[in-house]
Trainee: 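This structure is in structure tokens; I'll ask about it shortly.
Labels below follow one simple rule: chain letters A, B, ... track the order of the sequence lines, proteins then strands, and each chain is numbered from 1. These values consider heavy atoms only, across backbone and side chains, with no hydrogens, waters or symmetry-generated copies. Please read these numbers as outputs of a predicted model, since none were measured by experiment.
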Amino acid sequence: GAGVSQSPRYKVAKRGQDVALRCDPISGHVSLFWYQQALGQGPEFLTYFQNEAQLDKSGLPSDRFFAERPEGSVSTLKIQRTQQEDSAVYLCASSLGQSAYNEQFFGPGTRLTVL
Amino acid sequence: DQQVKQNSPSLSVQEGRISILNCDYTNSMFDYFLWYKKYPAEGPTFLISISSIKDKNEDGRFTVFLNKSAKHLSLHIVPSQPGDSAVYFCAAKGGSQGNLIFGKGTKLSVKP
């Protein structure tokens, strides 16, 4: 595809349910980032992959959050036992190289609502 | 504790006039600054960037100014067009850190 795609675009979960959010980066992009954007806020960093290696997960808010990118392309962000404060838009971004200064291309996001 | 601050949640400008969006930062380790534009239900899209070794970068109607001593940057859009109406995010990064640190955004409305 031409850009970063994310699925589902919208997800409604009951409190306590597990959810899985998928990101398809631009083909060939080495770096992949996950961000969380709460209502009225800017995106906040969650975690970073370089190929299949998770190099930084310092932004994950709790051990209920888990991300993987097993083959260095598609990534999944999993949230276990969802809470209302997890309601947000989850954005995925990819960039071509390993440099911190490569442009990041964002997907449209997944809007998660936890009831 | 916000490291990147956009103190104006919204800005309204007449078509054809200049739009000035402001951003302040606190971390002196930041060496690269970016502006992203976001339409509803879409992801942010890159607009323009500036390295800390420069004080100005221009791309068409968009110019970013950086004042390192004041830890302040601004985005100028001249002339403003209705299609510029969107939320604008200021972002920063520093050193080997690849992730972006965003401000809360400023919603720009350009009225015809």
Trainee: Going hydrophobic residue to hydrophobic residue with side-chain gaps under 4.5 angstrom, can you get from Ile101(B) over to Leu46(A)?
Mentor: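 Looking at the clustering, Leu46(A) is in a separate group from Ile101(B).
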Trainee: Quick one: what part of Arg9(A) sits under 4.5 Å from any heavy atom of chain B, side chain, backbone, both or neither?
Mentor: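 When you check distances to chain B, only side chain atoms of Arg9(A) fall under 4.5 Å.
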Trainee: Counting only non-hydrogen atoms closer than 4.5 Å, does Leu100(B) touch chain A with its backbone (N, CA, C, O), its side chain (CB onward), both, or neither?
Mentor: both
Trainee: With rounding to the nearest 0.5 angstrom, report the NZ to CG distance, Lys38(B) to Leu91(A).
Mentor: 7.0 Å
Trainee: Going only through I, L, V, M, F, W and Y residues with side-chain contacts under 4.5 Å, is there a path from Tyr25(B) to Leu47(B)?
Mentor: yes
Trainee: Name the region of Tyr48(A), side chain, backbone, both or neither, that has any atom closer than 4.5 Å to a heavy atom of chain B.
Mentor: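 Contact with chain B involves no heavy atom of Tyr48(A) at all.
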Trainee: Can you tell me which of Ser31(A), Ala93(A), Pro108(A) forms the most heavy-atom pairs within a distance under 4.5 Å of chain B?
Mentor: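 Option with the greatest count: Pro108(A).
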Trainee: Using non-hydrogen atoms and a limit below 4.5 Å, what part of residues 103-112 of chain B faces chain A?
Mentor: Gly103(B), Lys104(B)
Trainee: For Asn102(A), is it the side chain, the backbone, both or neither that has a heavy atom under 4.5 Å from a heavy atom of chain B?
Mentor: backbone
Trainee: Following the transitive rule for hydrophobic clusters with a side-chain heavy-atom cut-off under 4.5 Å over Ile, Leu, Val, Met, Phe, Trp and Tyr, establish whether Phe45(A) and Tyr32(B) coincide in one cluster.
Mentor: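 Yes; tracing contacts between hydrophobic side chains, which count when under 4.5 Å, links both residues.
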Trainee: Would you say the side-chain atoms of Gln104(A) pair up with the backbone N or O of Thr45(B), donor to acceptor, closer than 3.5 Å?
Mentor: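 Looks like no, no N/O pair under 3.5 Å.
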Trainee: Is atom CZ of Arg17(B) surrounded by more than 12 heavy atoms (other residues, nucleotides or ligands) closer than 6.0 Å?
Mentor: no
Trainee: Sort Tyr36(B) into side chain, backbone, both or neither according to what part of it lies under 4.5 angstrom from a heavy atom of chain A.
Mentor: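 Contact with chain A: side chain only.
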Trainee: For Phe106(A) and Phe46(B), what are the C-alpha separation, side-chain angles and deciding distance, and is it a ring pair (Phe, Tyr, Trp, His ring centres under 6.0 Å)?
Mentor: CA-CA 9 Å; Phe106(A) 283 81; Phe46(B) 171 76; over 10 Å; no
Trainee: Do any of residues 62-89 of chain B have a heavy atom less than 4.5 Å from a heavy atom of chain A, and if so, which, in residue order?
Mentor: Phe89(B)
Trainee: When clusters are formed by joining ILVMFWY residues with side-chain heavy atoms under 4.5 Å apart, either directly or through shared neighbours, do Leu77(A) and Ile26(A) land in the same one?
Mentor: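 Per the 4.5 Å side-chain linkage, Leu77(A) and Ile26(A) are not co-clustered.
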Trainee: Under a 4.5 Å heavy-atom cut-off, does chain B meet the side chain of Tyr35(A), its backbone, both or neither?
Mentor: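 Side chain only.
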Trainee: Do you reckon Val4(A) sits in the same ILVMFWY cluster as Phe49(A), going by side-chain contacts under 4.5 Å, direct or chained?
Mentor: no
Trainee: Are Tyr101(A) and Leu34(B) packed together at the side-chain level, in the sense that at least one heavy-atom pair is separated by less than 4.5 angstrom?
Mentor: no
Trainee: Quick check on the interface: out of Gly40(A), Gly59(A), Gly109(A), Pro43(A), who has the most heavy-atom pairs with chain B under 4.5 Å?
Mentor: Pro43(A)
Trainee: Above 12 or not: heavy atoms from other molecules or residues under 6.0 Å from CD of Glu85(A)?
Mentor: yes
Trainee: Within a radius of less than 6.0 Å around CG of Leu115(A), do more than 12 heavy atoms belonging to other residues, nucleotides or ligands occur?
Mentor: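 Buried by this count: over 12 neighbours within 6.0 Å.
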Trainee: For Gln54(A), is the CD atom crowded, meaning more than 12 foreign heavy atoms sit under 6.0 Å from it?
Mentor: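 Yes, CD of Gln54(A) has more than 12 neighbouring heavy atoms, counting only those of other groups under 6.0 Å.
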